[in-house]
Amino acid sequence: MTRSVNISQNAERSSPAGLRTERRIAWLTLVFGSAASAGTAFAGSRLWAAGLLIGAVLAWLNFRWLRRGLDALVAASAAQAGAEKPRVPLGAYFGALFRYGLIALSVYAIFMILKVPLASMVVGMCALAAAAIAASVYELFQANR
């Protein structure tokens, strides 16, 4: 366990720009989702505003869980460096299925119980894509300075 933690920490230290970009994407996801939600609430559609915010939070959670899963895969692959046939930990498969299943179950429950429009949650999840694009454009401008 200590070896995988050290490998993960070394990977983070070796790419500070990548870590900053990941953090930027995470907070921009919440900022874009909150801004869209506030604008929609101001326009008078509270259910759509709630759906946008819920979708953005779910996209943020998915992004965080994806990062943890990828860190675990990197640690496992580094630990098996030189192995003829490396093995993917069973937990990695479970984590991916669990992540998407939990998001789908959350969206279904919110849709059925709170009557929040499904389309609003899906559009809210697009805040992650907008954040990734914005962070990428920012990095391009920083590289040209």
Side-chain angles (χ1 to χ4, degrees), residues 1-43 45 47-111 114 116-145:
M1 181 71 175
T2 305
R3 180 168 166 75
S4 66
V5 170
N6 290 340
I7 292 169
S8 179
Q9 289 172 348
N10 290 338
E12 286 182 1
R13 286 188 201 121
S14 66
S15 179
L19 185 59
R20 282 192 308 268
T21 302
E22 287 177 2
R23 288 182 180 157
R24 188 173 293 115
I25 290 170
W27 67 262
L28 278 174
T29 300
L30 295 175
V31 167
F32 289 164
S34 298
S37 178
T40 305
F42 183 72
S45 182
L47 281 178
W48 259 83
L52 289 170
L53 188 59
I54 290 167
V57 169
L58 288 174
W60 177 78
L61 283 172
N62 183 40
F63 182 72
R64 302 282 297 178
W65 292 335
L66 177 64
R67 179 172 184 244
R68 288 177 57 198
L70 289 175
D71 285 347
L73 281 177
V74 167
S77 66
Q80 297 178 38
E84 188 173 312
K85 189 171 183 176
R87 303 177 75 180
V88 176
L90 186 60
Y93 294 116
F94 177 74
L97 290 174
F98 178 73
R99 185 175 79 238
Y100 291 120
L102 185 60
I103 289 171
L105 182 64
S106 299
V107 167
Y108 177 76
I110 292 166
F111 175 70
L114 299 178
V116 173
L118 183 60
S120 66
M121 289 185 278
V122 171
V123 171
M125 287 181 195
C126 292
L128 178 60
I133 291 169
S136 298
V137 169
Y138 177 81
E139 290 298 324
L140 286 173
F141 282 121
Q142 290 300 313
N144 291 330
R145 283 175 66 177

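Hydrogens, waters and symmetry mates play no part in the numbers below; they use all other heavy atoms, side chains included. What you are looking at is a predicted structure, and each value in this text was computed from that prediction instead of being measured.
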Heavy-atom closest pair, residues I103 and L58: CD1-O, 4.1 Å

Write down the atom of T29, the atom of A59, and the distance for their closest heavy-atom approach.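 Nearest pair, atom of T29 first, then A59: CG2-CB, 4.3 Å.
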
Let me confirm one number: the [atom1]-[atom2] distance from [X] to [Y], rounded to the nearest 0.5 Å.
{"X": "W27", "Y": "F32", "atom1": "CH2", "atom2": "CZ", "value": "8.0 Å"}
{"X": "L102", "Y": "L97", "atom1": "CG", "atom2": "CG", "value": "12.5 Å"}
{"X": "R20", "Y": "Q142", "atom1": "CZ", "atom2": "CD", "value": "9.0 Å"}
{"X": "R99", "Y": "R64", "atom1": "CZ", "atom2": "CZ", "value": "13.5 Å"}

Side-chain donor/acceptor of S37 to backbone N/O of G33, under 3.5 Å: no

Measuring only between side-chain heavy atoms, which start at C-beta, is I25 closer than 4.5 Å to F63?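 The answer is yes, as the side chains (C-beta and beyond) meet within the 4.5 Å cut-off.
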
Atom pairs and distances, side-chain donor-acceptor, residues 116-141, under 3.5 Å, sequence neighbours left out:
{"from": "S120", "atom 1": "OG", "to": "P117", "atom 2": "O", "distance (Å)": "2.6"}
{"from": "S136", "atom 1": "OG", "to": "A132", "atom 2": "O", "distance (Å)": "2.8"}
{"from": "E139", "atom 1": "OE2", "to": "T21", "atom 2": "OG1", "distance (Å)": "3.1"}
{"from": "E139", "atom 1": "OE2", "to": "R24", "atom 2": "NH1", "distance (Å)": "2.6"}

